[in-house]
Number of protein chains: 2
Amino acid sequence: MKIRQNLIPVYYRLAEDIRLAIESGKLKDGDMLPTEGQLGENYGISRMTVRQGLSLLAEAGLIATVKGKGTFVTRLRLNKLVIDLHQNADGNPFRYRLVGVKLGREDHEAVRQLGLTAGAKVILLKRLLYQNEQAVAVEEKWLPYLRGKPLLETQLEYADFPEVVAKHQDSVPVRNDAILSVGSLSVEQAALLGEEPGSPALLIRQVIYSRDDQPLGISYMVCHKERFQLKATSYSAISR
Amino acid sequence: MKIRQNLIPVYYRLAEDIRLAIESGKLKDGDMLPTEGQLGENYGISRMTVRQGLSLLAEAGLIATVKGKGTFVTRLRLNKLVIDLHQNADGNPFRYRLVGVKLGREDHEAVRQLGLTAGAKVILLKRLLYQNEQAVAVEEKWLPYLRGKPLLETQLEYADFPEVVAKHQDSVPVRNDAILSVGSLSVEQAALLGEEPGSPALLIRQVIYSRDDQPLGISYMVCHKERFQLKATSYSAISR
DNA sequence: GAGTGGTCTAGACCACCTT
DNA sequence: AGGTGGTCTAGACCACTCG
């Protein structure tokens with residue numbers, strides 16, 4: 001005879017119990033949890049179900065399992081932060097406006113980094129990022145030109161950089177490496193943002209790679225230093 | 001009679017097979033995978049084992065399961081990037097050097113944000129971040145003063161901000177919110193970094209919270225614009 | 001009602017660690 | 001040798017979706 005609480009899975013409640021014990025300080029960094037068998041007995045559930053609960057905590061970085069030894073509380077890694085390039089620090093998403101498309105053999109650092117054979121054509125896209133009718137950043141993207149893979153206007157107005165690359169390429173994008181730094185506005189960028197040329201700006205340089213580490217696209221974002229702030233957080237909830 | 005390949009778990013090979021199918025383009029965004037039952041038959045394994053493999057892919061963001069409908073390929077979310085404040089863009093970790101400790105009732109934006117009662121004491125720590133014998137950033141940290149929770153010199157020289165907070169506080173730090181922006185060097189900061197006062201710099205403002213959203217510490221990092229670049233990546237491998 | 005993923009069981013054997 | 005987590009089974013019932 002079994003009584004089943006359908007609303008909340010048992011493994012989830014186990015995970016919540018342990019999470020609260022950790023966050024309240026009852027379980028401290030390095031402490032060993034009861035063994036999976038013991039937890040199963042305590043909750044009257046099978047070991048596989050215990051493991052399902054513990055896997056949630058491990059995913060969130062709250063515990064670490066060591067084969068042959070046990071399961072231990074780990075201090076949260078709060079140095080690892082997640083940024084979402086979709087949105088500004090206030091949580092609002094961006095609008096895009098295309099301000100230029102060029103097709104040809106540009107001479108630019110990005111073109112060389114795309115690793116193209118000499119004379120290959122590249123596409124250069126310039127977009128303005130808007131928020132509340134105000135320009136907040138300029139984005140310049142380089143993509144290798146592929147015949148039979150037209151760029152659709154709608155994509156260019158709405159899709160973000162990884163999405164544009166995904167739609168335009170045959171290869172599947174699997175990685176995006178970015179570097180954040182500080183630079184200054186070019187004359188053209190300053191005009192688009194309504195700022196003084198040379199004034200400081202946040203730079204975000206993205207390179208999107210395929211599985212075999214071929215660069216599929218490069219993006220330079222130049223962000224207005226007051227209107228664009230990047231938010232990053234360590235937040236990692238346990239789900240389900 | 002069973003033949004067991006001990007080196008690589010079956011669920012892992014299942015996950016790798018599907019991952020390669022996705023990354024090579026054989027399975028496209030939105031495609032439905034075979035059902036869990038079918039995959040189990042194909043590989044001659046039980047459904048729970050299939051699910052274990054699929055959970056790896058779901059964790060990495062390659063697939064999404066929908067109850068009652070099926071399992072579907074999802075385009076990787078390459079907008080979400082992870083930054084590691086432990087290290088510079090070149091992958092080398094930092095060294096810290098304490099350049100000042102103050103205990104008292106400071107008047108600063110950070111103190112108000114700590115939500116302390118009027119007149120409560122705060123600790124102000126100033127550290128220099130070094131790399132290859134070169135100062136790359138200045139860090140200023142505010143913590144509420146707690147009696148009986150001394151700050152150890154060794155921690156201050158080696159631990160990063162979340163670790164210092166964890167050691168000094170009774171409450172458990174559970175979240176770190178950061179904002180990245182562009183600012184300029186104060187006279188003191190410029191002197192420490194050997195730069196001109198007022199020259200642009202990357203600002204990283206971190207606030208560490210407890211479970212009940214109490215701020216436990218605030219950190220301002222001011223980074224030399226050539227010597228300090230932040231690396232961010234979307235990379236998410238499947239493990240085990 | 002048929003098909004799907006979600007939860008859960010009560011076992012089994014294995015690999016690893018400690019004593 | 002005994003304890004731990006890691007892998008895996010062959011079922012079961014549930015909740016959800018769709019025709």
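Only a predicted model underlies this, so the values are computations on that prediction, with no experimental measurement involved. Proteins get letters first, then strands, A, B, ... in listed order; numbering begins at 1 in each.
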Discussion item. Whole angstroms only, please: what is the CZ-P distance between B/F72 and C/dG5?
Written reply: 8 Å
Discussion item. Per the salt bridge (charged side-chain N to carboxylate O under 4.0 Å, His left out) rule, what does the pair list look like for residues 30-47 of chain B, sequence neighbours excluded?
Written reply: B/E36-B/R47, B/E36-B/R51
Worksheet entry | Spacing of A/L14 atom CG relative to C/dT7 atom P, expressed in whole Å | 14 Å
Worksheet item: With sequence neighbours left out, what residues match A/D160 under salt bridge (Lys or Arg N to Asp or Glu O under 4.0 Å)?
Response: none
Worksheet entry | All side chain to side chain contact (heavy atoms under 4.5 Å, CB included) counterparts of A/P173, not counting sequence neighbours | A/V165, A/A166, A/I208, A/L216, B/L78
Discussion item. Please determine whether a side-chain nitrogen or oxygen atom of A/K69 lies at a distance below 4.0 Å from atom OP1 or OP2 of D/dG5.
Written reply: no
Worksheet, complete the sentence: B/K67 NZ to D/dC16 C1', in whole Å, measures 6 Å
List the atom pairs, with distances to 0.1 Å, where a side-chain N or O of residues 54-69 of chain B and a protein N or O form a donor-acceptor pair under 3.5 Å, not counting sequence neighbours.
residue	atom	partner	partner atom	Å
B/S55	OG	B/Q52	O	2.7

Worksheet item: Closer than 4.0 Å, any side-chain N/O of B/T65 to the OP1 or OP2 of C/dG6?
Response: yes
Item to complete: Give a yes/no on whether any side-chain N or O of A/Y11 is located under 4.0 angstrom from OP1 or OP2 of C/dC8.
Response: no
Worksheet entry | side chain to side chain donor-acceptor pair (under 3.5 Å) involving B/N132 - partner list, sequence neighbours excluded | none
Discussion item. If the condition is side chain to side chain contact (heavy atoms under 4.5 Å, CB included), which residues does A/L203 pass it with, not counting sequence neighbours?
Written reply: A/S181, A/V222
Worksheet item: What parts of residues 30-42 of chain B reach DNA chain C, counting only heavy atoms under 4.0 Å away?
Response: B/T35, B/E36
Worksheet entry | Contacts of B/R205 that satisfy salt bridge (Lys or Arg N to Asp or Glu O under 4.0 Å) - sequence neighbours left out | none
Worksheet item: What class does the angle between the rings of A/W142 and A/Y220 fall in, given that below 30° is parallel, 30 to 60° is tilted and above 60° is perpendicular?
Response: perpendicular
Worksheet item: Taking DNA chain C as the partner, which of residues 43-62 of chain B come within under 4.0 angstrom of it by heavy atom?
Response: B/R47, B/M48, B/R51
